[in-house]
Every structure is written in C-alpha cells, then in structure tokens.
Amino acid sequence: MEIVRKISQARSLAKQWKNSGLSVGFVPTMGYLHQGHLSLVERSAAENDKTIVSIFVNPTQFGPTEDLETYPRDLRADLALCEDAKADLVFCPGADDMYRPGSCTFVEVSGSLTAGLCGASRPDLFRGVATVVTKLFSIALPTRAYFGQKDAQQLAVIKRMVEDLDMDIEIVSCPTVREDDGLAKSSRNSYLTPEQRVAARVVSRAVFEGERLIAAGERDPVKVTASMRKIVEAEPLARIDYIEVVSAQTMEKPEKIDGSILGALAVFVGDTRLIDNFILHV
Ligand code: AMP
C-alpha cells in the first residue's frame, strides 16, 4: 500500500492506473476510521482493480464554532486499517496543500437538497463537502466513489453534483454500519462519556421506530416524526436538533408519505451532535 501526502504524487499514481485501463474505486474520509468506513473500502477493493482512500479533515466544511480542532485523529491506526481492508493508496494531504493561498473557488449545490436538515443547522457543511469532493475526484480520477448512507443528505448532494457537473463517476451508496446496540458507528462517538454513550441509544431507537411505523402502514409524516421525537425527548441527556421525514430525492417535506422517503434526525448528546436516518421505498 502506498501512502502519499502530495497532490502530485496521488494524481500521478491515479493517472498511471487509469492509463493502464484499471478501474479505480475511491473512498473519501476524514479519518479516525471504524468499521463503517472500512465497509466502504472493502467494497471498493472487491469491485475495482485499485482502491484509493483519502484521509483529510476538511476545514471548509466546519463552521466557526464547530469541532475542527478537536476532531479525533489517529493516522497510524488508520493506515493499518486501510492496509487490512486492501486499499492500494492512502492519500493524506495537509490543509495547506489542499487550500493554497489565494484559493477562492467553491462548488455549491443549491436549493432544497441543501437548505434543510443538516444544511439548516450547519450552513457551511455542504459547500465545503461539494468543494473538497470535487477536488479529490479531480486528483483520484475514480471510476467509482463510495459513500455511506449514514450521511444520506451528503450522498444525495454528491449524486446531484456529479450529475449536474457531468462527472463520469459512479456513486455507490453503502449501508450504515451500527454498533451492537444500534448506534450508527461514527468517529464522533469517541466524544461520548460512558453515560452519554448509553443515552445515545435513543437516536437509533427513534430511527427504528420511524421505520417500523411506516412499514406498518403509517403515511402521515407528522405522526411518524412525533413518535420519533417522543423517544428522544424521554432521554434527559439528549437535545433534538431536527427530526424530519422528507423525500429522499429532493429533501422536500411531503404532505403524505409516498415514494422514496428519508427519515432523518440530528441529536445533541452533551456537546456531541449525532445523526442517523432510514430510507424506505413505499
Ligand atoms: P467521514 O469520515 O465521517 O467523513 O465519513 C467518510 C465516509 O464514511 C462517508 O461516506 C460516510 O457516510 C461513511 N460512513 C461514516 N460512518 C459510517 C457508518 N456507520 N456506516 C457506513 N458508512 C459510514
């Protein structure tokens, strides 16, 4: 497995592979890897000749009061995990290389896809994500890129961006990997105290309840979100940022549950913001 820090080194390897007719799978991450990330890497390694993983805590997607400085990092452990998961190249650039002095170009996906849910509470998030993913795509030259459904709104934004900008890249959606008690795996789970970790179970319990109600025939989004809300509100250590049921394609709120539906929530447990969701086709 190659480990490179410079954009020019990563691009030169990617080009070499592309020019030899090899398929390249790409998994962008912010590191502190867990089994959720590794499921993407393993799938890419199974479906492509070469797999590139990027590890980059992207400053442009963090707001001024968010956790950029404290975001967990462990490059040595990440590299060992990537090697085990059969990555061929790990690209871990510095922020100064990715955003050089004078850099002032951003990619913005506008409208309903980014206005609500995480876009409402984190206004810098999707512009930062779309920009860094575009840059990483132009360096890694992937045939396919792998994203987790855990970040369902991000996935929808990336799919839209790839279509709108005519990028010749297949976006592959991968299921959410969970802990045994249901909590979606996340690098940010490491912020939780033992007490908060127990309290955090309400997040996935709310997801499973929303899913269950719709599968049982409930079609009123207000009733579904009310039941999800009740579960979270029963936990004193949890504070709801949002709980919504929207169209999985447009992120708009429907009158009635129909078609592809995304039930999504963001909940603070202490200072840690956790997200989770379900997607159903009814
Ligand atoms: P991050 O490092 O949080 O930016 O995540 C990098 C990629 O891993 C994104 O495509 C995430 O959606 C995906 N991911 C993160 N957590 C999980 C999980 N629990 N299950 C599946 N994919 C995940």
Side-chain angles (χ1 to χ4, degrees), residues 25-45 47 51-63 66-68 70-75 77-79 81-82 85 87 90-93 95 98 117-118 122 124-137 140 142 144-162 169-192 197 200-201 203-204 207-208 248 262 264-267 272-279:
F26 176 50
V27 183
T29 81
M30 298 208 298
Y32 211 67
L33 303 180
H34 50 67
Q35 194 50 47
H37 298 111
L38 298 174
S39 69
L40 276 54
V41 180
E42 286 159 3
R43 178 149 174 205
S44 170
E47 295 179 354
T51 288
I52 304 178
V53 179
S54 64
I55 297 177
F56 179 59
V57 182
N58 173 37
T60 63
Q61 72 191 69
F62 287 77
E66 293 180 355
D67 56 344
L68 173 62
T70 55
Y71 194 84
R73 292 162 169 89
D74 189 347
L75 186 57
D78 288 349
L79 294 175
L81 291 167
C82 285
V90 179
F91 174 48
C92 34
M98 286 296 279
L117 308 179
C118 288
R122 302 184 64 195
D124 301 310
L125 175 64
F126 292 117
R127 186 170 99 137
V129 167
T131 301
V132 81
V133 169
T134 301
K135 286 170 70 69
L136 291 166
F137 281 175
R144 301 184 185 86
Y146 295 78
F147 291 86
Q149 193 204 297
K150 154 91 181 355
D151 300 274
Q153 190 177 15
Q154 166 175 288
L155 185 52
V157 167
I158 298 296
K159 279 187 177 159
R160 184 79 235 175
M161 177 188 88
V162 163
I169 300 168
E170 182 189 337
I171 302 301
V172 183
S173 159
C174 302
T176 301
V177 177
R178 299 178 178 280
E179 302 287 355
D180 289 343
D181 67 354
L183 180 68
K185 289 198 185 250
S186 165
S187 308
R188 288 190 169 99
N189 292 350
S190 63
Y191 293 144
L192 300 170
R197 172 63 187 78
R201 286 184 194 158
V203 180
S204 57
V207 164
F208 301 149
L262 168 69
L265 76 171
V267 171
T272 305
R273 187 173 173 280
L274 303 173
I275 59 170
D276 201 349
N277 66 77
F278 63 87
I279 293 181

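When a ligand or atom number is given, it counts from 1 through the structure's own listing order. In what follows, residues are counted from 1 in the order of the sequence shown.
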Would one find an N or O of L40, backbone or side chain, under 3.5 Å from an N or O of ligand 1? no
Return the set of residues passing salt bridge (charged side-chain N to carboxylate O under 4.0 Å, His left out) with K150 (not counting sequence neighbours), or none when no residue passes. none
Hey, does K185 come in under 3.5 Å of ligand 1, counting only N/O atoms on both sides? yes
Below 4.5 Å, heavy atoms only, C-beta onward: do R197 and L183 meet side chain to side chain? yes
Give the C-alpha distance, both sets of side-chain angles, the deciding distance and a yes or no for side-chain hydrogen bond (donor to acceptor under 3.5 Å, both in side chains) between E47 and Y146. CA-CA 11 Å; E47 295 179 354; Y146 295 78; 2.8 Å; yes
Any chance you could measure Y71, atom OH, to R188, atom CZ, to the nearest 0.5 Å? 5.0 Å
Can you find an N or O of V177 that's nearer than 3.5 Å to an N or O of ligand 1? yes
Is there side-chain contact between Q149 and C174, with heavy atoms separated by less than 4.5 Å? no
Quick one: which of P28, S186, G148 has a heavy atom closest to atom 6 (C) of ligand 1? P28
Give yes or no for whether the N/O distance cutoff of 3.5 Å, strictly under, is met between S39 and ligand 1. no
For atom 4 (O) of ligand 1, what is the closest protein heavy atom, and at what distance to 0.1 Å? M30 CG, 3.6 Å
Test V129 against V157 for side-chain contact (heavy atoms from CB on, under 4.5 Å), laying out the working first. CA-CA 9 Å; V129 167; V157 167; 5.8 Å; no
Atom 5 (O) of ligand 1: the protein heavy-atom neighbour that sits closest, reported with distance to 0.1 Å: H37 NE2, 3.5 Å
Identify, by atom number and element, the atoms of ligand 1 in contact range of F147, meaning under 4.0 Å from any of its heavy atoms. 10 (O)
Heavy-atom nearest pair, I169 first then P142, reads CG1-O, 3.6 Å
Is the shortest N/O to N/O distance between A184 and ligand 1 below 3.5 Å? no
Which of these, L33, N58, D151, V41, has its nearest heavy atom closest to atom 12 (O) of ligand 1? D151
Which residue and non-hydrogen atom of the protein lie closest to atom 21 (C) of ligand 1, and at what distance in Å? P175 O, 3.4 Å
Determine, using heavy atoms of H34 and all atoms of ligand 1, whether some pair is separated by less than 4.0 Å. yes
Run the numbers for me: atoms of ligand 1, each under 4.0 Å from some heavy atom of T176, listed by number. 20 (N), 21 (C)
Would you find a donor on one side and an acceptor on the other, under 3.5 Å apart, between the side chain of Q61 and the backbone of R127? no
Holding to side chain to side chain donor-acceptor pair (under 3.5 Å), I want the full list of residues that pass it with R273, two or more places apart in sequence or in another chain. S121, D241
